[in-house]
Amino acid sequence: MTPMLDQIWFPISITFRIAAISSFLVLCSGVFLAYIFARRDFRGKELAELLITLPLILPPTVIGYFLVILLGKNGFIGQLIYSITGTGIMFTWQAGVIAAYTVSLPLMVRTAQAAIEAVDKELEYAAYILGKSEIETAFLITLPLAKRGILAGLVLSFARAVGEFGATLMLSGNIPGKTNTMSISIYSAFQAGNNELANVLVLVLTLMSLISIALTGKIASRGKSKV
Amino acid sequence: MTPMLDQIWFPISITFRIAAISSFLVLCSGVFLAYIFARRDFRGKELAELLITLPLILPPTVIGYFLVILLGKNGFIGQLIYSITGTGIMFTWQAGVIAAYTVSLPLMVRTAQAAIEAVDKELEYAAYILGKSEIETAFLITLPLAKRGILAGLVLSFARAVGEFGATLMLSGNIPGKTNTMSISIYSAFQAGNNELANVLVLVLTLMSLISIALTGKIASRGKSKV
Amino acid sequence: TDNGNEATKETGIPVTEETPVSEQDPETITVSAAASLTEAFTDMEPKFEAENPGVDVNFNFGGSGNLRKQIEGGAPADVFASADESQMDILANETLIDNSSRKDFVKNSLVLIIPANSNLNITGVKDLTDPKVKKIGIGNPDTVPVGNYTRTAMTEAGLWSQLENKVVLAEDVKQVLVYVERGEVDAGFVYMTDAMTAPETIKIVTNVSVNTPVNYPIAIVSSSEHKEDAQEFIDFVAGKEGQETLEKYGFTVLSE
Amino acid sequence: MSIKVNIRKCYHEAGSSKKSGAKKAFMLNVSFEMENELIVLFGPSGSGKTTLFKCISGITEPDDGNITVDSKVYYDKKIKTNLPIQKRNLGYVFQSSTLFPHMDVRKNIECGLKNWNKESREKRLMEMLSLLHIEELEKRHPSQLSGGQKQRVALARALAPEPELLLLDEPFSALDKEIKTELIEKIKNLQHELKIPLLFITHNLEEVFMLADRVLVLHGGKVQQFGTLDEIFYHPKNLHVAKLIGLSNLFDDARVVGHDEISRSTILMSGDMKIRVPSLKLNPGDMVSWGVHPENITFLPPGHEDQDKNIYMAHVVSIINKGPKKKITVNLARHHKTLTAEVPAQFVDSLKLNAGDSCLVKLEISKIVTF
Amino acid sequence: MSIKVNIRKCYHEAGSSKKSGAKKAFMLNVSFEMENELIVLFGPSGSGKTTLFKCISGITEPDDGNITVDSKVYYDKKIKTNLPIQKRNLGYVFQSSTLFPHMDVRKNIECGLKNWNKESREKRLMEMLSLLHIEELEKRHPSQLSGGQKQRVALARALAPEPELLLLDEPFSALDKEIKTELIEKIKNLQHELKIPLLFITHNLEEVFMLADRVLVLHGGKVQQFGTLDEIFYHPKNLHVAKLIGLSNLFDDARVVGHDEISRSTILMSGDMKIRVPSLKLNPGDMVSWGVHPENITFLPPGHEDQDKNIYMAHVVSIINKGPKKKITVNLARHHKTLTAEVPAQFVDSLKLNAGDSCLVKLEISKIVTF
Ligand SMILES: Nc1ncnc2c1ncn2[C@@H]1O[C@H](COP(=O)(O)OP(=O)(O)OP(=O)(O)O)[C@@H](O)[C@H]1O
Ligand SMILES: Nc1ncnc2c1ncn2[C@@H]1O[C@H](COP(=O)(O)OP(=O)(O)OP(=O)(O)O)[C@@H](O)[C@H]1O
Ligand SMILES: [Mg+2]
Ligand SMILES: [Mg+2]
């Protein structure tokens, strides 16, 4: 590979690995939270809803800073991780996943929650009457009917994860060949005045993102017309 | 006012002015686009949908740079603005609105689109039959029924606008007393090692955002239970 | 100026005693300055304005690279104070600054820092080659001036190749500082001015000598419409009061 | 199995806040017991039938009371029990067939069969499809079905899991007569075979006749009468019930004037009209309402009025064709009363009755309904 | 106003791709004309009634043909016209009442009145509320209404703007008899007053009788018959129509054996049963189907069979109470035929018929239906 290709290939693979894993995690946990928020009432629910939105409000660098405090060697969770794995999580691509997850979670929760709230409760009752438990009903009825919203949330989360930069940079650093995501590479190239590389990277990132988003949409919307 | 209060008050007011205006613009245009995407078919629609998502994928600084190229004195639109108003738009808080608008638009479009697509078409037909034009129907039936999704989109857009930083910094600069939003002030304070100020700003920003988001939710969801 | 006309139209009242002594409303100049100058320049503002009643200074702080890009994009800046000669050079090449007004006005120094509670015995740059030192935080040499200086210094000291695989690149100095403060890296290179903002959490090990001095250049932007006032500002910064203030924040004053 | 229901449930008017003494919009207050039988719930629109179903199924929690099915407590306010819907093991066809829009007909029906093994599930599905004549719709989605087809799929879905209790809320309202008649037969047999309690809501009198073991008449949230078809039809307890069963010739102006032990009848004066009705345990002077089903008015060839035999002179006001029947409105001119009769067409033809004609009208004593 | 409809619309089976010759799921092929009259669309579940409404209203675009209302072209394939729904100015009550869930009853009804001035809008609203007895529901949201209440609100909403054409898809299916009878009267009057064409879908024969000026019978997407009530009831064109109108005693095994000029009747042999029917223009040997409405079978006291007068010996198989009527199933043992009759209860009582008894059954010649 030419150095240029190498400069492109690694960031791409790491970016999409991070985005894919973080989107998957966001999908699982975000939809779960959205369901709970939509279908349960508990004390402090409104506050919890708002706190989930926080990572959108704060500058990513600041979030990154908080994450460093939490996950770093001396951080509350970081120490735990360290004592278990023997190595820290800082400066690894896994840290990038955490950063991406944190900033994109609110996108999924809010979007999916709105979609779940719009699902007709009568249909859920109909499933209960057929003996389905709440969990079965959620998977069989509620979530499929909220599919459009969840899908929108997924697209947004994925895009945000791909584009994540500030928090990732703080948490995983920019270690060429190890943690330099597309965003970071673009930023670096851009800052260094290497406009050619920056443009190529922007183009590649854009194309690849669009393709993956389009694919996600296609796969998930099979049979959509019948609903 | 003590200097500290001053350092907090101005960023707050500018941040919420920017976020409010940009959210308003996002609401109008985003919902419009979402409606078009949800209810019309045209060539290149999928591509347009994807392109709208782009600002999420690219690092904000890069978006900011593109905006500078577009809106700066020598930029395509910038020249136009300059020739009309006699002053440029860069380094003004209005530029902050543009930056915030750009990055938060996709959040609204995607979320609202999913919600609009989920609205029962039969209800729209029922309105048509009562003589309502498509626009009337949209405002009377479709959008109110997609309210939850639009509201979610609004919350996300507002939060994102409040938190916007990278592109804003590029476009409207960091001019204390003129364009320094909360995010930028937090960033600056953080960069300058003024942790005390940074923490206070984070706290204030968080509180104010949560309050405004909660208020928006309350206002918009009046009578929600009946739907 | 436009501003003045507008103001009179709107208020319709003549200038009152509370307005500045000058008969006119003040001219506004915008100074795009490197982020590391934030506190020093902010501190200078009232003094300068007191001395120059007709001028109102606006600062625009940011990374030198970003500021340069803004000026390239047509941002209405009057003065550019960079933390990095190269950014100024680029603008000079593009004739976007008034080359005659360019001058270096202050110097920063590169320092090696370690966490305050570090138990590694690092007393100098050479100790960084010790295998116990696992990670070193530096600014990205390609994008951050301090990183560039660091690389130059290390290369000059013949250490770069040994340290290269230990480095964690940061996109700004603050990031290096945070890493060191939190003990995420064993050591880092920052400017003296940055190091001085965190006296409790880090320890300055040593000044690192660099052959090319860390000079801060300042110049008037070509498109400025207030060149005289801009020059006033540059003079003020380079003058006694300005230099004293800068010194207070850890800068090294240029010896005449 | 036996079911005991004794509940109260109140809906409040929208907008009226609970604190400031909310205005009651509707109050359901129902108490009844049933065995393995087919009970038809009958009552006007808005009388609380669906609300009762929702309470029994657990979708809505009553305000007070208890619901017991066999020894299973579905709900009991006192011991704070409200059995989760899933555990009630009942079949419920909603008033608006709530099919799952994202599943085809097969999946909709299979939804309640998850614990069945594959073979028996397949068999059951086929049974249901053929029972309801929807074999060809197996792969369709609900949006591709007609109203009546949806209803049948909803019924199939509810019946498939062989529930212990069936709640059917107007399950045939969108079906044509032929298929409805067939399905009514099938449902009736099913209930017999499975020996389960079945509650059935309908507004259609024919369905009531064909289905009901007993009828529970609801009005304004209260049970008006609970009895066999004959009881409801010939001994309605009050005006509400009388109206509901289509007793359109209703008069509330009658006074008991005496009893006739021989013919076991009671003599009333309804205005100035003398009429004999089946024996009543009332004293002379008591007021009573009476009525007669349109089908139970017979026409005699012209002749003499005989009030002692409930034979009256009448003028034909109008004759309206209603397919195989004719609706005849007559005026008992001397008594200022109008009666409406429904008579098989050929009777009218054979009597050669026309609007304007005079005729004799007979109200069979045994068919006169009093309350 | 006059309406001309001549359309074709095909639904394809789900899953079958259009390219590879999609399997037809349903084909509507309808052509008819009507004036300012009330036409009832009558047909079994899935026969295309709703589809026809959707085509007329513009919700669904036909594949081919044209729809003209007066001189207004709603749709014409040839000149590529498809008038927007809004411009058709019609009232449509959907089969499932699609009320706007976020608006209260008042807003729902007012929705079609935006061009009215405030005063007349208010007046119209009040008229509608009282017409449909929903005054008290004005402030309710649809989720707070019962099934029948929803239906009435939907009707109010459709009627309020005084449309030029009304399409009502089973608008009374969830209403009790009392209110339904009243509303039927009102709808009928309304149609007379407004002089607009009104198309009405129902499965309920009673509604057909009470409402229809003419009946359009649909089956399998095709018009089977289009005529007055009498035509449909006494001259059904084929088995589909016969079944739909509830002609349950149907036999297709009859052969013309001769004509009787004097009694103006035709003599058939249905199996080994001789029967006279109203005169037919058929030749001896021709096959013909015949049937008789359950209401048109009369019972005579025991006596002699007289096949020339359509009087037959029979055994009572069962007698089932159906409220004011009884359903009697008899076996014409000698002819291996079973007949079902519906007779007013008092006739049965006066004949003292019981299951197992023998009796005479008479089929009035004029009431026998052939096709
Ligand atoms: N959520 C609610 N809030 C207020 N009133 C309600 C609510 N739900 C139902 N009601 C009222 O309660 C009464 C009973 O409703 P229900 O649905 O049980 O009637 P129903 O007997 O099933 O009538 P139908 O035959 O029309 O379906 C109605 O008057 C209805 O308006
Ligand atoms: N989108 C569709 N795709 C395939 N088939 C369809 C679709 N919509 C309707 N059909 C079929 O077309 C036929 C006619 O449907 P339609 O709704 O017109 O019936 P209908 O006469 O109104 O019946 P009902 O009395 O049950 O409401 C039905 O067999 C139905 O299954
Ligand atoms: Mg109901
Ligand atoms: Mg239909």
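Worth saying up front: this structure is predicted, and the values here are computed from it rather than measured. Every chain is numbered from 1 and lettered A, B, ... according to where its sequence line falls, protein lines coming before strand lines.
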- Between Thr111(A), Ile57(A), Val109(A), which has the largest tally of heavy atom pairs under 4.5 Å with chain B? Ile57(A)

- Message: Counting neighbours of CZ on Phe42(B) that are heavy atoms of other residues, nucleotides or ligands and sit closer than 6.0 Å, is the number greater than 12?
- Response: yes

- Item | Closest-packed option against chain A by number of heavy-atom pairs under 4.5 Å, given Ala152(B), Ser183(B), Ala19(B) | Ser183(B)

- Task: Select one option (side chain, backbone, both, neither) describing which atoms of Leu156(B) are under 4.5 Å from chain A's heavy atoms.
- Result: both

- Item | Distance, nearest 0.5 Å, that separates CZ of Phe32(A) from CE of Met108(A) | 14.5 Å

- Given that the side chain runs from C-beta out, which part of Ala214(B) has a heavy atom under 4.5 Å from chain A: side chain, backbone, both or neither? both

- Scored by heavy-atom pairs under 4.5 Å with chain B, the best of Val162(A), Thr53(A), Leu58(A), Leu107(A) is Leu107(A)

- Query: Is it true that the side chains of Thr142(B) and Glu124(B) contain a donor and an acceptor less than 3.5 Å apart?
  - Reply: yes

- Paired with Thr168(B), the side-chain contact (heavy atoms from CB on, under 4.5 Å) test is passed by just one of Val97(B), Thr15(B), Val103(B), Ile184(B), namely Ile184(B)

- Non-hydrogen side-chain atoms of Leu51(B) and Leu210(A) separated by less than 4.5 Å: yes

- Message: Would you compute the distance between atom OG of Ser157(B) and atom CG of Leu25(B) and round it to the nearest 0.5 angstrom?
- Response: 11.0 Å

- Top of Ala114(B), Ala198(B), Pro106(B), Pro55(B) for chain A proximity - count of heavy-atom pairs under 4.5 angstrom: Ala114(B)

- Task: Could you look at Leu54(A) and say if it's the side chain, the backbone, both or neither that has a heavy atom under 4.5 Å from chain B?
- Result: side chain

- Task: Side chain from CB out, backbone as N, CA, C, O: work out which of these in Val62(A) comes under 4.5 Å of a heavy atom of chain B, or both, or neither.
- Result: side chain

